[in-house]
Amino acid sequence: MKTNKIIVIQYYVKTNKIVLRFYKTPARACLAMAGEASYAPLMSKKTDIKELTKNQLVLWLERHGLESYRAKQILKWIYYRQVDSFEIMSDLGKEMRKLLSHHFFVHRPEIAKTETSIDGSIKFLLKLDDGKHIESVLIPEKDHYTLCISSQVGCAQGCKFCLTAKGGFVRNLTNGEIIAQVRDISKQLDNSKRLTNVVMMGMGEPLANYNHVVSAINIITDSNNGLGISNRRLTISTAGLVPKLYGLGRETTVNLAISLNATDNKTRNMLMPINRKYPIEKLLDACAIYPLMPRRRITFEYILIKGINDSLEDAKRLVKLLRPIRAKINLIPFNAYEGSEFNRPEESTILKFKEVLNQNNYTAVIRHSKGQDISAACGQLGVANQL
Ligand code: SAH
């Protein structure tokens with residue numbers, strides 16, 4: 001029988017070596033090369049093993065002559081038993097543990113500070129390897145915890161109402177740094193409640209760090225080889241990077257939230273510069289064809305800002321705009337901060353706005369951000385410590 005093999009020739013500049021590799025299928029060859037490319041720059045020093053997807057770890061093992069099923073064992077130690085040393089992995093042989101320790105380490109960012117709000121939410125300041133900081137917020141709910149995580153250090157979107165944006169963009173987080181927020185903070189919890197919900201609504205624009213966010217999602221939601229958060233309970237919130245939405249819908253089944261915040265392009269251009277590139281019609285067209293799972297809806301976040309986007313006409317326009325989409329609406333009264341040029345509307349205005357949406361059969365809830373006293377509310381993260 002004739003068997004075809006794909007041959008990949010790799011040249012290692014550092015060691016001046018040429019290596020021939022044989023793969024059974026083109027897909028496997030591509031995966032191997034993609035895996036190699038994504039962590040090759042780090043191989044000169046040790047790599048955080050959380051940077052590797054399961055497939056990349058399998059390929060690494062195969063390349064070192066080890067059985068692929070070992071990946072499952074290793075990942076179980078890292079994500080389920082939460083160990084930080086290969087030495088403890090008692091079901092792996094001594095040589096294998098030595099080899100793993102030689103190439104990898106299990107990184108845990110330092111928890112530099114925690115602050116607890118009067119409403120019970122806890123803000124974690126995490127120090128990354130390069131000295132940069134990110135923040136994550138743990139929010140206690142009735143019978144579970146929700147964790148709000150960051151996807152970037154700083155943010156490049158420049159939304160006018162957002163304090164985080166004022167600090168500018170510093171860098172993307174790696175897969176490992178995104179995953180670490182969930183892994184490390186869940187380790188801090190007592191057993192009274194479980195961390196079941198994760199929202200990517202902290203610092204940064206997740207879709208501007210697309211590849212790392214998708215790799216991290218895969219591990220966070222993997223119940224066999226990852227952290228086991230249900231994909232129904234993980235939400236990605238975006239300012240609306242339209243081309244990336246198509247990929248996200250194809251590659252993941254997590255929940256989608258869109259920060260809409262205005263019902264006409266003039267107002268949205270002023271509030272969110274991204275709208276000049278991807279105006280409301282383009283954004284909502286992409287939402288209308290977004291491949292939603294059965295019984296799911298897209299959440300539209302709408303910050304209510306006094307005199308800017310809080311009129312009854314806005315509410316009616318919002319109803320019309322969302323008609324083609326399976327949608328629900330979160331109304332977020334603007335969180336004011338020192339020096340902010342906007343204000344929060346009166347409570348009666350907020351209620352009237354909500355009433356219009358409800359009368360038109362939309363689920364609309366008013367979300368008062370938690371953690372305001374510790375600067376942990378929406379749009380307030382990272383400002384004091386990010387650089
Ligand atoms: N870049 C992503 C996620 C981070 S912002 C996004 O745009 O969705 C998370 C949420 O906080 C967004 O819905 C944003 O509109 C909201 N937000 C930012 N600043 C705020 C403020 N000052 N008051 C209320 N909500 C704010």
Side-chain angles (χ1 to χ4, degrees), residues 121 123 134-137 139 146-170 172-173 178 181 198-210 213 217 234-242 244-245 248 254-263 267-268 270-275 277-278 280 283 286-287 298-306 308-310 318 327-345 350 353 364-372 375-383 386:
S121 43
K123 183 167 78 169
I134 50 166
E135 291 182 334
S136 320
V137 184
I139 304 156
T146 296
L147 182 66
C148 175
I149 61 172
S150 296
S151 55
Q152 298 180 313
V153 184
C155 186
Q157 301 305 312
C159 298
K160 263 273 182 57
F161 45 76
C162 180
L163 191 56
T164 306
K166 306 242 184 282
F169 174 69
V170 180
N172 280 331
L173 295 186
I178 298 170
Q181 296 171 69
V198 174
V199 291
M200 214 175 266
M201 294 184 185
M203 294 163 68
E205 166 50 48
L207 298 191
N209 184 15
Y210 184 85
V213 163
I217 288 176
L234 198 161
T235 303
I236 302 290
S237 175
T238 176
L241 273 66
V242 170
K244 301 287 181 198
L245 279 177
L248 191 75
V254 295
N255 289 315
L256 176 64
I258 303 280
S259 298
L260 190 60
N261 299 334
T263 58
T267 310
R268 199 164 190 267
M270 183 273 286
L271 292 175
M272 304 178 72
I274 186 79
N275 197 68
K277 209 163 176 192
Y278 307 116
I280 293 178
L283 175 59
C287 291
I298 298 178
T299 302
F300 286 85
E301 293 155 286
Y302 194 96
I303 307 178
L304 283 164
I305 307 176
K306 189 173 184 171
I308 302 284
N309 63 0
D310 61 345
L318 184 56
K328 57 181 172 178
I329 302 147
N330 280 354
L331 297 172
I332 317 172
F334 174 69
N335 293 317
Y337 46 85
E338 222 184 290
S340 63
E341 59 198 286
F342 301 121
N343 292 303
R344 169 187 297 233
I350 298 173
F353 197 99
V365 285
I366 301 170
R367 290 248 179 262
H368 285 282
S369 298
K370 298 218 169 158
Q372 306 220 12
S375 294
C378 291
Q380 296 187 339
L381 293 184
V383 177
Q386 80 192 15

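Indexing begins at 1, ligand by ligand and atom by atom, following the structure's order. Only heavy atoms go into these numbers, but all of them, side chains included; no hydrogens, no water, no symmetry mates.
- Atoms of ligand 1 lying under 4.0 Å from any heavy atom of Ala239, numbered from 1 in the order shown and given with element: 6 (C), 7 (O), 8 (O).
- At least one side-chain heavy atom of Ile149 sits less than 4.5 Å from a side-chain heavy atom of Val198.
- A distance-only check finds no donor-acceptor pair linking the side chain of Ser150 to the backbone of Gln152 [under 3.5 Å].
- Side-chain contact check for Leu260 versus Met272: every heavy-atom pair is 4.5 Å or farther apart.
- Partners of Asn309 by side chain to side chain donor-acceptor pair (under 3.5 Å), not counting sequence neighbours: none found.
- Annotation: side chain to side chain contact (heavy atoms under 4.5 Å, CB included) contacts of Ser151 (sequence neighbours excluded): Met200, Pro206, Val213.
- Among Arg344, Arg367, Met203, Glu301, the residue whose heavy atom lies nearest to atom 10 (C) of ligand 1 is Glu301.
- Within the listing of ligand 1, atoms 4 (C) sit less than 4.0 angstrom from a heavy atom of Gly202.
- Side-chain contact between Ile350 and Asp310: absent, with no pair of heavy atoms (C-beta onward) separated by less than 4.5 Å.
- Note on ligand 1: Ala336 sits outside its first shell, no heavy atom being nearer than 4.0 Å.
- Per-residue contacts place Ile332 under 4.0 angstrom from the following atoms of ligand 1 (heavy atoms of the residue considered): 24 (C), 25 (N).
- Those atoms of ligand 1 that come under 4.0 Å of a heavy atom in Phe161, given as number and element, are 15 (O), 18 (C), 19 (N), 20 (C), 21 (C), 22 (N).
- Close to ligand 1: Gly204, with a non-hydrogen atom less than 4.0 angstrom away.
- Using modelled atom types, no side-chain atom of Thr235 and backbone atom of Asn255 make a donor-acceptor pair closer than 3.5 Å.
- Within the 4.0 Å heavy-atom criterion, the part of Thr238 lying near ligand 1 is the backbone and not the side chain.
- When heavy-atom distances to ligand 1 are checked against a 4.0 Å cut-off, Asn335 comes that close through both its backbone and its side chain.
- In summary, the atoms of ligand 1 found under 4.0 Å from a heavy atom of Asn261, numbered by their order in the structure, are 15 (O).
- Glu205 counts as a contact of ligand 1, since one of its heavy atoms falls under 4.0 Å from the ligand.
- Contact of the Val199 side chain with the Ser237 side chain is not registered, since no non-hydrogen atoms from C-beta on lie closer than 4.5 Å.
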